[in-house]
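Since the structure comes first, as structure tokens, the remarks are kept for the end.
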Number of protein chains: 2
Amino acid sequence: MDTAERTPADVPGPTTGAAAAAPTGGAARRPRARTRSGARTTASMADVARLAGVSAQTVSRVSNGYAGVNEQTRRQVLAAMKELGYRPNSAARALKRGEFRTIGVITFTLSTTGNVRTLEAIATSAAHEGYAVTLLPVAVPTQAEVRGAFSRLEELAVDAVIVIMEVHLLDAATIHLPPHVQVVVVDSDAGDHYTVVDTDQAGGTRAAVQHLLDLGHRTVWHLGGPEGSFAAQRRTDAWRAALVEAGRAAPPLIRGDWSAESGYRAGLELAAHDDCTAVFAANDQMALGLLRALHERGRRVPEDVSVIGFDDIPEASSFLPPLTTVHQDFAEVGRLCVRAVLRKMRQEGPERGTTLVPTRLVPRASTAPPRQA
Amino acid sequence: MDTAERTPADVPGPTTGAAAAAPTGGAARRPRARTRSGARTTASMADVARLAGVSAQTVSRVSNGYAGVNEQTRRQVLAAMKELGYRPNSAARALKRGEFRTIGVITFTLSTTGNVRTLEAIATSAAHEGYAVTLLPVAVPTQAEVRGAFSRLEELAVDAVIVIMEVHLLDAATIHLPPHVQVVVVDSDAGDHYTVVDTDQAGGTRAAVQHLLDLGHRTVWHLGGPEGSFAAQRRTDAWRAALVEAGRAAPPLIRGDWSAESGYRAGLELAAHDDCTAVFAANDQMALGLLRALHERGRRVPEDVSVIGFDDIPEASSFLPPLTTVHQDFAEVGRLCVRAVLRKMRQEGPERGTTLVPTRLVPRASTAPPRQA
DNA sequence: GCACGCGATGTTTACGCAAACATCAGCCAC
DNA sequence: GTGGCTGATGTTTGCGTAAACATCGCGTGC
């Protein structure tokens, strides 16, 4: 047989011609489409190996930074990689290694500051650990949609999942996660069943209420968040508890939906109550709307009414007046999420439990002692 | 028949399996105990095939919804899948198919409304097309960092990339993308070299300036964004051009950095100019700070000074006073990005060129005719 | 001087899936 | 009835990588 047929580039090894009874791959190992200069296909390890005159395994070793490769060989391989523009194929890697080095993040909306900031921190922390982050948006917060996201997720290339969402939407009975995909939840009180990382809603709320009481206000009104939200629920509960603890009567709860617009509507209502001298809004956006409503109704802040928010969005210091609020450390929440989920993957962490991130009261110009105090 | 469920919620079949004359796999197909950390492995196609009594290929056909599978066989396979909790392995799929069905999004920060809203829209559109979105945050906007993100990207499982960033950070010479990975850029004027989708910055700006001139203002001051930003640059250029077109003198440019705080500082400066009756802020956050500064200095809005913003963030309608601004359709931008990048992947779209998404002026209470007009 | 060990490298195999090809049973046309 | 066709299913193969195992050459201890 004309075993000649050697290409100019030439294959290094003699390639062991014989061995007729090749146990398995005996088939014609066709030399792949010529990857010469006008190459279209991406170079594979085999291509690099050929060019460098070594085996594919050695390329793999270099690629993964193994020790035990001769320095000169290593340099040759690196040169070959560079020449061919070699990049490891992540699909093959993932297949072989059984992991994707990717974390999925399921979130309902990116329109709230908290979710976005948390997501950003997660992405940053994950990148730091060599993980990528894949986003799984859920259009509407219904169980069906969430379930849909999870089932999409099941085909997705992720090793773990972080859910930024009220967990009551996760009907645990109907969601079955792929095996060894770990979950960490933000904004939830499901610490009994999941690993949860969250801002210390209660602590922050207590600080806010206490701040107002300390200023001399008889009681504190509350502009709460929407019903579905656990964060809202906890802030409301903590508000009530703090008042009870202090022996004060809790005024009726007023609800918004997190938006500034809803805060405005609530503010119009509150402005009608002459006895209202202090309001704790469950987030800064609602506080913004509240400020506008009070202004329109001629109630001065903080002289007539003190207002305090929650979140400390960057704009809060530019409100009229600058808003006293409770600062949330979203970056820390994100960091802890990633840490927790990676720990769980390595089976180092606990299966469940809640981690709370402390808050900090940021006093600005929207709170003051009541006039008659 | 004997579909009797043998193992309630157990590992796949007994498997141990006759060392039958397995034609191919010859080797003892060990029951695949723990792969990684002691976890059960997921069931593979082969496991399903065994349980259903068919070949792996048939499982594949069912899994991919091929026609040409007998209904009864199909049902059997589906039942087996369900019993084993089978999920296709996306790494293997990607390896075989040569695509990941994932789009990478590189962005510098998620702290600006525009980026976040665009990202959200991208994620939603992508999901709609069956694509996932992987986030690649870049910590600081330096070329080195961006290059780092791109080289991380090269190992990443993505088929295409959308860059939400000023493209001048992409030093084209040093970034070499993996072959076949298409790029679409947002917020850039690099339409000559890339496919660009962006808001019609110039159109929006012209509308804003014209609105103020139409109200009778002699000229319009401008609170611009930071130097590095193309969006800022274009708004500034368009502002100047619109004034020139109208035969008005352009006041000196004042610069902020997008933040409300910087708007406040600029506002203090502007308040000192008695002849300033109208300001166009390059975004709503800066307009917010501006409003506060003007208020503090006793300049009433809109009676003494008209203020107009850009973006139309949800809070803008709750500013004091509610802000007239230029609405950006981020959702559309995101949608077009995804469409463009998928088109390029399929080689249906053009290699380069810019697509502009129109804006809309939203008149509210922060603009009015000047007093003496 | 010879076996042994060790470092460097090569060879085989399997990961899970799906395209390409192979087989096989029925069924119709002539 | 026989050849050919069709639809359903099985078999082979290989994607690019990395673990496990195999080989090879050289220096060292005794």
Side-chain angles (χ1 to χ4, degrees), chain A residues 12-16 19 22-33 35 41-50 52-74 76-77 81 84 86-100 155 157, chain B residues 21-30 32 35-36 41-50 52-74 76-77 81 84 86-100 155 157:
Chain A
T15 59
T16 83
T24 35
R29 190 175 288 265
R30 62 118 194 273
R32 306 183 82 253
T35 333
T41 28
T42 59
S44 75
M45 260 181 23
D47 300 319
V48 175
R50 209 171 303 128
V54 299
S55 74
Q57 185 54 39
T58 299
V59 176
S60 170
R61 286 193 263 255
V62 171
S63 172
N64 290 343
Y66 263 57
V69 175
N70 184 297
E71 184 52 29
Q72 162 142 13
T73 312
R74 216 176 68 83
Q76 262 174 31
V77 170
M81 282 179 174
L84 297 180
Y86 169 74
R87 304 263 88 227
N89 177 312
S90 49
R93 252 190 190 173
L95 175 58
K96 190 68 181 124
R97 302 208 273 221
E99 62 165 20
F100 300 96
E155 315 210 346
Chain B
T24 36
R29 193 169 283 261
R30 52 116 192 273
R32 318 174 67 249
T35 4
R36 297 176 47 66
T41 3
T42 56
S44 76
M45 261 181 23
D47 299 319
V48 175
R50 209 171 304 127
V54 300
S55 74
Q57 185 54 37
T58 298
V59 176
S60 170
R61 286 193 263 254
V62 171
S63 172
N64 291 344
Y66 261 57
V69 176
N70 186 297
E71 185 51 30
Q72 161 142 14
T73 312
R74 216 175 70 82
Q76 262 174 31
V77 171
M81 283 179 176
L84 297 181
Y86 168 74
R87 306 259 81 236
N89 176 313
S90 49
R93 252 190 189 173
L95 176 58
K96 191 72 178 111
R97 300 207 276 220
E99 62 162 23
F100 301 96
E155 316 209 345

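Below, read A as the first sequence line, B as the second, and so on, with proteins coming before strands; counting in each chain starts at 1.
- Listed pair A:Asn64 / D:dA18 meets the phosphate criterion, a side-chain N or O lying under 4.0 Å from OP1 or OP2.
- The side chain of B:Val54 lies closest to D:dG10 when the candidates are C:dC15, C:dT11, D:dG10.
- When distances are taken from the side chain of B:Gln57 to each of D:dA19, C:dC17, D:dG10, the shortest belongs to D:dG10.
- Of the candidates B:Gln76, B:Met45, B:Arg74, B:Arg74 is the only one forming a side chain to side chain contact (heavy atoms under 4.5 Å, CB included) with B:Val62.
- As judged by a 4.0 angstrom heavy-atom cut-off over every strand, A:Thr73 is placed among residues touching the sugar-phosphate backbone only.
- Atom C1' of nucleotide D:dG16 and atom CZ of B:Arg97 are separated by 17 Å, given to the nearest angstrom.
- No hydrogens or angles were tested; on distance alone, a donor-acceptor pair under 3.5 Å links the side chain of B:Arg61 to the base of D:dG10.
- What separates CD of B:Gln76 from P of D:dG10 is a distance of 10 Å, to the nearest Å.
- Atom pair A:Tyr86:OH and D:dG16:P shows a separation of 10 Å (rounding to whole Å applied).
- Distance alone, capped at 3.5 Å, places no donor-acceptor pair between the B:Asn64 side chain and the B:Tyr66 backbone.
- In plain terms, the two heavy atoms of B:Ala92 and A:Leu95 that are nearest each other are CB-CD1, 3.8 Å.
- Side-chain N/O atoms of B:Arg93 and B:Ser63 include a donor and acceptor closer than 3.5 Å.
- Separating the CZ atom of A:Arg74 from the C1' atom of C:dG7 is a distance of 16 Å, rounded to the nearest angstrom.
- Of the candidates D:dT11, C:dC17, D:dT17, the closest approach to any side-chain atom of B:Ser55 belongs to D:dT11.
- Nearer to the 5' terminus of DNA chain D, by closest-nucleotide assignment, is the contact made by B:Asn70 (compared with the other of B:Asn70 and B:Leu95).
- Between A:Arg93 and D:dA18 there is a side-chain polar atom (N or O) within less than 4.0 angstrom of OP1 or OP2.
- Using a 4.0 Å heavy-atom criterion, one finds that B:Val59 contacts no nucleic acid atom at all.
- Atom CD in A:Gln72 sits roughly 14 Å away from atom C1' in C:dT9 (whole-Å rounding).
- Whole-Å rounding puts the B:Phe100 CZ to D:dG16 C1' distance at 11 Å.
- For A:Glu71 and C:dT9, the CD to C1' distance is 16 Å, given to the nearest whole Å.
- Close to D:dT9, at under 4.0 Å from its OP1 or OP2, lies no side-chain N or O of B:Tyr66.
- Proximity of B:Thr58 to the phosphate of D:dG10: a side-chain N or O atom is located under 4.0 Å from OP1 or OP2.
- Taking atom CG on A:Asn89 and atom C1' on D:dA18, their separation rounds to 13 Å, with Å as the unit.
- Closest non-hydrogen pair, B:Ser44 versus B:Tyr86, comes out as C-CE1, 3.7 Å.
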